[in-house]
Amino acid sequence: MAKYSKEEIFRIVRENDVHFIRLQFADIFGTLKNVTITASQLERALDNKCMFDGSSIEGFARIEESDMYLRPDLDTFVIFPWTTEVGATARLICDVYMPDGTPFEGDPRYCLKKALRRAADMGYTFNVGPELEFFLFNLDEEGHATTRSFDRGSYFDMGPADRGEICRRDICLTLEAMGFEIEASHHEVAPAQHEIDFKYSEALAAADNIMTFKLAVQTIAQQHGLCATFMPKPCFGVCGSGMHINMSLFKDGVNVLYNEADKLGLSDMAYNFIAGLIKHGRGFTALTNPLVNSYKRLVPGYEAPIYIAWSAANRSPLIRIPATRGTGTRIELRNPDPSCNPYLAMAACLTAGLDGIVNGLTPPPSTDANVYELSEEEREQLGIENLPGNLREAISELRHNPVIRGAIGEHIFKRYYSAKKDEWHRYNTRITQWELEEYLGRY
């Protein structure tokens with residue numbers, strides 16, 4: 001059932017003195033974009049008549065096919081609760097369409113919609129609960145981001161050790177004002193690192209919520225004179241930031257991952273889904289961990305998973321089955337980080353899992369020992385592979401995985417692959433401070 005009608009949006013805008021509406025969408029890298037209109041243009045927007053130049057958005061379109069239209073999803077309407085100088089500002093998340101009325105193949109939201117439509121054709125609803133971590137750092141005298149912080153807190157610490165507690169509290173209040181149901185918030189392992197968890201939802205809404213979450217966190221942090229960053233590994237020697245993805249499949253209101261008779265409480269479909277994630281784990285890593293910096297987090301010793309295994313007993317493998325059973329049965333994928341494009345990441349995960357179901361794949365036995373403590377020989381004997389070790393390796397795996405490549409489509413793949421290949425080249429040719437300190441005076 002639709003949440004809002006056009007008439008209701010007009011009424012809310014009028015009654016709340018909304019002056020501006022941001023028509024938001026994401027590029028293929030998960031960067032939030034928008035075209036801002038005044039309230040006087042709202043009718044045009046709701047009639048799908050707002051156009052923009054797609055050639056200006058990286059990875060979108062060529063000059064000769066640049067005209068694109070924004071079609072607002074009415075159910076994403078929300079008024080931003082933070083203060084503006086004149087009137088209120090609202091937003092609508094939009095789908096991107098071509099002038100001929102067809103969806104744009106390069107729209108990440110459309111990519112996820114296609115994957116969800118395939119699941120729906122099989123009778124499934126795909127629900128996702130993300131867990132996003134981020135850092136709160138000080139700004140310098142000119143307002144630029146630093147990696148400095150007065151915060152010396154650690155896991156579950158509270159003030160005064162947790163210097164970001166007040167900012168985190170205001171972020172939670174802001175998110176609740178925007179319709180989020182906040183389940184928990186706390187200080188994370190590293191100094192200045194935080195986590196806020198919100199309730200799961202159907203995957204498209206969850207991806208929209210991640211985009212909104214990141215915007216709200218960074219906006220409120222700025223109001224506190226801080227910089228919020230979702231960079232996966234901003235500091236050496238401490239844990240990086242992850243975005244664990246908790247996934248469940250429902251059919252006719254029943255969680256099909258649960259089976260009371262199984263010793264682990266898991267259904268055959270759950271095992272199939274796990275097997276699909278394991279089979280395609282290396283193939284979708286370029287989407288779940290999209291930056292050069294992402295692979296500075298995926299190293300031994302900092303709790304991030306690097307070994308492709310699963311367990312219902314510990315947190316060291318790539319895939320964990322949390323203890324909750326019944327309706328709450330879910331599969332947790334632990335390698336994604338918050339720099340990813342959530343639309344593409346979820347489309348890839350769902351496609352991988354459905355491939356496991358369709359083909360009746362069987363996962364290897366669960367790995368209940370701490371994978372980090374196993375020797376390389378022991379891991380080889382168990383058939384446990386590693387995730388890609390860097391971005392170059394990850395995009396090569398994506399290139400050679402037809403299932404995941406098909407999940408995002410050739411339009412997005414070609415542009416994504418080209419951009420990431422260039423990102424790796426720019427990084428690989430850069431001389432780092434570490435190299436200068438390590439080699440300059442020795443050779």
Side-chain angles (χ1 to χ4, degrees), residues 29-31 130-140 144-149 151-155 164 168 186-196 210 213-214 217-218 221 226-245 281-282 284-308 315-318 332-342 344-345 371-372 386-395 397-398 419-420 423-438:
F29 308 114
T31 304
E131 303 171 16
L132 283 87
E133 297 168 341
F134 57 94
F135 283 84
L136 292 174
F137 291 129
N138 297 343
L139 300 173
D140 65 17
H144 298 143
T146 72
T147 55
R148 300 192 303 270
S149 173
D151 180 358
R152 294 296 177 264
S154 187
Y155 205 47
R168 193 174 69 236
H186 58 86
H187 198 288
E188 259 295 339
V189 174
Q193 188 183 33
H194 303 265
E195 179 177 318
I196 298 175
I210 289 170
F213 177 91
K214 292 166 74 171
V217 168
Q218 291 174 330
L226 299 170
C227 164
T229 180
F230 293 94
M231 179 180 175
K233 185 82 168 185
C235 298
F236 169 73
V238 299
C239 293
S241 291
M243 188 186 79
H244 301 167
I245 298 178
R282 289 178 62 84
F284 60 61
T285 304
L287 302 173
T288 55
N289 305 87
L291 306 181
V292 163
N293 181 256
S294 296
Y295 300 85
K296 303 296 179 72
R297 167 180 167 258
L298 298 178
V299 294
Y302 295 98
E303 299 188 7
I306 59 175
Y307 303 116
I308 304 176
R315 297 170 183 264
S316 61
L318 175 69
E332 179 186 44
L333 185 69
R334 297 175 58 80
N335 70 301
D337 69 56
S339 70
C340 74
N341 183 326
L344 300 184
V371 187
Y372 299 124
N386 290 14
L387 289 173
N390 55 51
L391 182 60
R392 180 187 63 81
E393 188 179 347
I395 60 173
E397 291 286 340
L398 173 61
K420 292 301 170 181
E423 180 180 340
W424 173 257
H425 175 74
R426 287 183 285 115
Y427 166 75
N428 203 40
T429 55
R430 186 69 58 90
I431 309 304
T432 65
Q433 186 62 34
W434 182 90
E435 292 170 278
L436 295 175
E437 293 173 358
E438 191 77 6

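The aromatic ring centres of His186 and His194 sit 6.0 Å or more apart.
Relative orientation of the Phe213 and Phe134 rings is perpendicular, given thresholds of 30° and 60° on the angle between their planes.
With Thr146 contributing its side chain and Asn138 its backbone, the two residues share a donor-acceptor pair below 3.5 Å. At distances below 3.5 Å, not a single donor-acceptor pair connects side-chain atoms of Lys233 with backbone N or O atoms of Tyr295. Lys296 contributes no side-chain N or O that, together with a main-chain N or O of Gly240, makes up a donor-acceptor pair within less than 3.5 Å.
Nearest heavy atoms, Thr147 versus Pro234: CG2-O, 3.9 Å. Of all non-hydrogen atoms in Leu139 and Arg148, the two that sit nearest each other are O-NH2, 4.4 Å. The minimum heavy-atom distance linking Phe230 with Glu133 is given by the pair CD2-O, 3.6 Å. Contact detail for His187 and Pro191: the closest heavy-atom pair is CE1-CA, 4.1 Å. When every heavy atom of Ser241 is checked against every heavy atom of Pro338, the shortest pair comes out as O-CD, 3.3 Å. When every heavy atom of Pro232 is checked against every heavy atom of Ser339, the shortest pair comes out as CG-OG, 3.7 Å.
For the atom pair CD of Glu435 and CZ of Arg430, the computed distance is 11.0 Å after rounding to the nearest 0.5 Å. Rounded to the nearest 0.5 angstrom, Leu136 CG and Gln193 CD are separated by 10.0 Å. If you take CG on Asn428 and NE2 on His425, they are separated by 8.5 Å, rounding to the nearest 0.5 Å. Within the model, atoms CD1 of Ile245 and CD1 of Ile210 stand 6.5 Å from one another, a figure rounded to the nearest 0.5 Å. In this structure, the separation between CG on Leu132 and NZ on Lys214 is 7.0 Å, given to the nearest 0.5 Å. Between atom CD of residue Glu438 and atom OG1 of residue Thr432 there is a gap of 9.5 Å, rounded to the nearest 0.5 Å.
Annotation: side chain to side chain donor-acceptor pair (under 3.5 Å) contacts of Arg282 (sequence neighbours excluded): Glu393, Glu397.
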Inset, instruction - Using the side-chain contact (heavy atoms from CB on, under 4.5 Å) rule, take Met243 and Thr288 through it: C-alpha gap first, then chi angles, then the decisive distance, then the call. - result: CA-CA 9 Å; Met243 188 186 79; Thr288 55; over 6 Å; no
Inset, instruction - Kindly determine whether Leu318 and Leu333 satisfy side-chain contact (heavy atoms from CB on, under 4.5 Å), including the steps that lead there. - result: CA-CA 6 Å; Leu318 175 69; Leu333 185 69; 3.8 Å; yes
Inset, instruction - Run the numbers on Asn390 and Tyr427 for side-chain contact (heavy atoms from CB on, under 4.5 Å), then give the verdict. - result: CA-CA 11 Å; Asn390 55 51; Tyr427 166 75; over 6 Å; no
Legend entry - Verdict with supporting geometry, Asn341 and Leu287, side-chain contact (heavy atoms from CB on, under 4.5 Å): CA-CA 7 Å; Asn341 183 326; Leu287 302 173; over 6 Å; no
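By the 4.0 Å N-to-carboxylate-O rule, Glu423 lies too far from Arg426 to be salt-bridged with it.
The side chain to side chain donor-acceptor pair (under 3.5 Å) test with Ser294 singles out one residue from Thr285, Asn335, Asp337, Asn289, and that residue is Asp337.
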